[in-house]
Amino acid sequence: MNQLSRGMDISDPIYQKALKDLLFQLADDELCIGHRDSEWLGLAPDIEEDVAFSSIAQDEVGHATFYYERLAEIGEQDSDTLAFGRGSHERRNACLTERENGDWAYSIVRHFFYDTFDALRLEALAKSSYPPLAEGVAKIQREERYHLLHMHLWFVRLCLAGGEARKRMETAIWKVWPDISGLFSWGAWEEELLQRQVIHTSSLVLQQQWEERIRPVFAEAGIEWIEAMPEPVKKGRLGDHFPELNHLLGELSSVYALDPAARW
Amino acid sequence: MNREEKETRFIERIKAGMKIEATDWMPDTYRKLLLKLIHMHGISEIMGALPEKEWVPKAPTLKRKLAIMAKVQDEMGHGQLLLRVAEDLAEPFGRTREDLVADVIHGRVKFHNVFHMEAPTWADAGVIGWLVDGAAIINQAALLHTSYGPYARVLKRICAEESFHMQHGESIILALAGGTDAQRKMLQDSLNRWWESLLFFFGPMEVTESAQQMIDYGIRTKTNEELRQQFFSKYVPRIRSLGLTIPDPNLSYNETTKRWSWTLPDWEKFRKIVRDNQGPKSQERLNLRRFAHEEQAWVREAMIRSRLKGSVVV
């Protein structure tokens, strides 16, 4: 394949910087959400869902591994060092993914909103000028489709159930809402990424697409749409995070940090 | 056919190596023994997810993280398969899945001693996979020829998965055994911690009345001590080949009798742990199960309600 014809020039230092930043966003998002998902192991509301949620967690960490490996390929350190050895200011995940699980309602709302965003992001990457990314995305999309179906089902049914479930879902939606806009940012290099066709959708359009997909689900679930979407308090894509990320990283790397040079 | 004739025919079928199925007639004693065994087995799988679950968020590489997640997921999956088998057996007693799961929280069903114990280091994640699952495979493989068909079929799948777990544990162990001094010490400490629990895991030396009944009914085919001996023969050489010391100076193999002699741990201490849920982690883990089951009952109730409403088409 003629890579240059698709606008890719990995020797261009700006292309490389922007691409790396994007790969970190993707990898860190998936690692954080997968880590949070895995905290439900053994604790989900029923045993069937425990098994299902773990499959999703494994998929997410698998995707993170894919993105970290692409970073290693273009001159960054090995995937384990990238996953376990970086501080919170170096992390590019959206803050939503680092938040603690809360109750089942919070976990479902967060995941459904994130998966809807992730599906749109993957579409924006499907024709990326960076072939390894476009190829990986095609495979990841197949898995994410099932996550989205699963979360959609949970979201609607818990909302429609009324009673305590409905109350908890409403509370969770309000709690998740201020963290949503932070998802759509492409970080510090959006313009460069667009110009070089690494991505094909701006953050503004991404947000509009997300709203278009979520609105009908709110209607289906009998939830009133929330008009205002506040700016994020912390800009995760720029390395600014809540203390929850520090706790997450502390736990994630607690064994690794005993001896980062050792073989584990 | 009167009851006695039925029972005679039932025993004849078992002796002929035929499998009993869920819908077949069976004596109440058989049903109760099976239910007790499979219920405890299923609940132990679910409680068994908890010690290792502690290490899922802390696994030190991406590969290990993925592997341990898949491993703990398998344990939950085994719990689900076994509870499905137990549910059918429990049906004539009017007991449901909800009851079977709630029983552990209320102390009405026991779970294996090993899952009451602490797992304070990464090496414990390895030892659980390698030796606890290794012991479980020996136990479960001996049950593969059980007279109850549904249990035998589920065990077949469980044993296949457990052998992956054993390899997963062994891989963690090999990395530690071949690692730094600190890693080797971590591993030795963990072996010291688990050894007695592993011996107790196989159960008492004597063949109890219910164990004999289970043998008569073809539910099990081997005694506890036979299985423990098998464990020694398989694992003692492997443990020693890694340069580890087994914390029992009396452990030795007698070439003439072809048997291992070993030091009996404080049996009463372990019995209490299982019977009264008084192990170092029993209450903490029961609290986690209570959280999962009781505090999230609202989720299961909501899913039943929204299904009844029929408003969602999948």
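Numbers restart at 1 for each chain; the letters A, B, ... are given by sequence-line order, proteins then strands.
The only option from Phe112(A), Phe117(A), Phe113(A) that meets the ring-ring contact (aromatic ring centres under 6.0 Å, His included) definition with Trp210(A) turns out to be Phe113(A).
The candidate with the highest count of non-hydrogen atom pairs below 4.5 Å against chain A, out of Ala59(B), Ala292(B), Ala182(B), is Ala292(B). Chain B forms the most heavy-atom pairs under 4.5 Å with one residue out of Ser79(A), Pro45(A), Ser38(A), and that residue is Pro45(A). Contacts with chain B were tallied for Leu158(A), Asp259(A), Leu252(A); Leu252(A) has the most, counting heavy-atom pairs under 4.5 Å. Options Ile108(A), Leu248(A), Val255(A) differ in how many heavy-atom pairs under 4.5 Å they form with chain B, and the most are formed by Val255(A). Top candidate by heavy-atom pairs under 4.5 Å with chain B, chosen from Gly250(A), Ser55(A), Gly34(A), is Ser55(A). When each of Glu49(A), Glu39(A), Glu48(A) is checked for heavy-atom pairs under 4.5 Å with chain B, Glu48(A) comes out on top. Heavy-atom pairs under 4.5 Å with chain A peak, among Val72(B), Leu83(B), Val101(B), at Val72(B). Each of Phe53(A), Trp264(A), Trp40(A) has some count of heavy-atom pairs under 4.5 Å with chain B, and the biggest count is that of Trp264(A).
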Using atom types as modelled, flag every donor-acceptor pair under 3.5 Å from a side chain in residues 159-169 of chain A to any protein atom, sequence neighbours excluded.
unit_1    : atom_1 : unit_2    : atom_2 : d
Glu164(A) : OE2    : Arg168(A) : NE     : 2.8
Glu164(A) : OE2    : Arg168(A) : NH2    : 2.9
Arg166(A) : NE     : Glu170(A) : OE2    : 2.9
Arg166(A) : NH1    : Cys159(A) : O      : 3.3
Arg166(A) : NH1    : Ala221(A) : O      : 3.1
Arg166(A) : NH1    : Gly222(A) : O      : 3.4
Arg166(A) : NH2    : Glu170(A) : OE2    : 3.4
Arg166(A) : NH2    : Gly222(A) : O      : 2.6
Arg168(A) : NH1    : Asp103(A) : OD2    : 3.0

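Taking a cutoff of 4.0 Å between a charged side-chain nitrogen and a carboxylate oxygen, Arg91(A) and Glu98(A) do not qualify as a salt bridge. Salt-bridge check for Glu118(B) with Lys281(B): failed, with every basic side-chain N at 4.0 Å or more from each acidic carboxylate O. With salt bridges taken as basic N to acidic carboxylate O contacts below 4.0 Å, none links Asp74(B) and Lys71(B). Asp189(B) and Lys185(B) are joined by a salt bridge, as a carboxylate oxygen and a charged side-chain nitrogen come within less than 4.0 angstrom of each other. For the pair Arg142(A) and Asp59(A), the salt-bridge criterion is not met [side-chain N within less than 4.0 Å of a carboxylate O]. Salt bridge absent: Asp46(A) and Arg97(B) never bring a charged side-chain N and a carboxylate O closer than 4.0 Å.
Contacts between Leu288(B) and chain A at a heavy-atom distance below 4.5 Å involve backbone atoms as well as side-chain atoms. Contacts of Leu258(A) with chain B are made by side-chain atoms alone, with heavy-atom separations under 4.5 Å and no backbone atom involved. Contacts of Leu62(B) with chain A are made by both backbone and side-chain atoms, with heavy-atom separations under 4.5 Å. If you measure heavy-atom distances from Lys58(B) to chain A, the contacts under 4.5 Å come from both the backbone and the side chain. Residue contact with chain A, scored on non-hydrogen atoms closer than 4.5 Å, involves the side chain of Thr180(B) exclusively. For chain B, no part of Ser253(A) is nearby; none of its heavy atoms comes within less than 4.5 Å. In this structure, chain B has a heavy atom under 4.5 Å from the side chain of Leu31(A), while its backbone stays farther away. There is no contact between Ala261(A) and chain B, counting heavy-atom distances below 4.5 Å. Contact annotation for Gln80(B): both backbone and side-chain heavy atoms come within less than 4.5 Å of a heavy atom of chain A. With a 4.5 Å cut-off on non-hydrogen atoms, Ala57(A) touches chain B through its backbone and its side chain both. Within the 4.5 angstrom heavy-atom criterion, no atom of Thr81(A) approaches chain B.
In this pair, Trp225(A) and Trp177(A) present their aromatic rings perpendicular. The plane angle is above 60°, beyond the 30 to 60° band. Classification of the Phe111(B)-His116(B) ring pair by plane angle, with boundaries at 30° and 60°, yields parallel.
The six-membered or imidazole ring of Trp154(A) lies near that of Trp104(A), with a centre-to-centre distance under 6.0 Å.
At distances below 3.5 Å, at least one donor-acceptor pair connects side-chain atoms of Arg157(A) with backbone N or O atoms of Met303(B). In this structure a side-chain-to-backbone donor-acceptor pair under 3.5 Å is present from Arg110(A) to Arg99(A).
Taking 4.5 Å as the heavy-atom cut-off, the residues of residues 61-75 of chain A that approach chain B are Val61(A), Gly62(A), Thr65(A), Tyr68(A), ordered by number.
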Could you go step by step and tell me if Arg157(B) and Glu161(B) meet the salt bridge (Lys or Arg N to Asp or Glu O under 4.0 Å) rule?
-> CA-CA 6 Å; Arg157(B) 169 160 165 189; Glu161(B) 290 184 350; 3.3 Å; yes
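With rounding to the nearest 0.5 angstrom, the CG atom of Leu50(B) is 7.5 Å from the CE atom of Met76(B).
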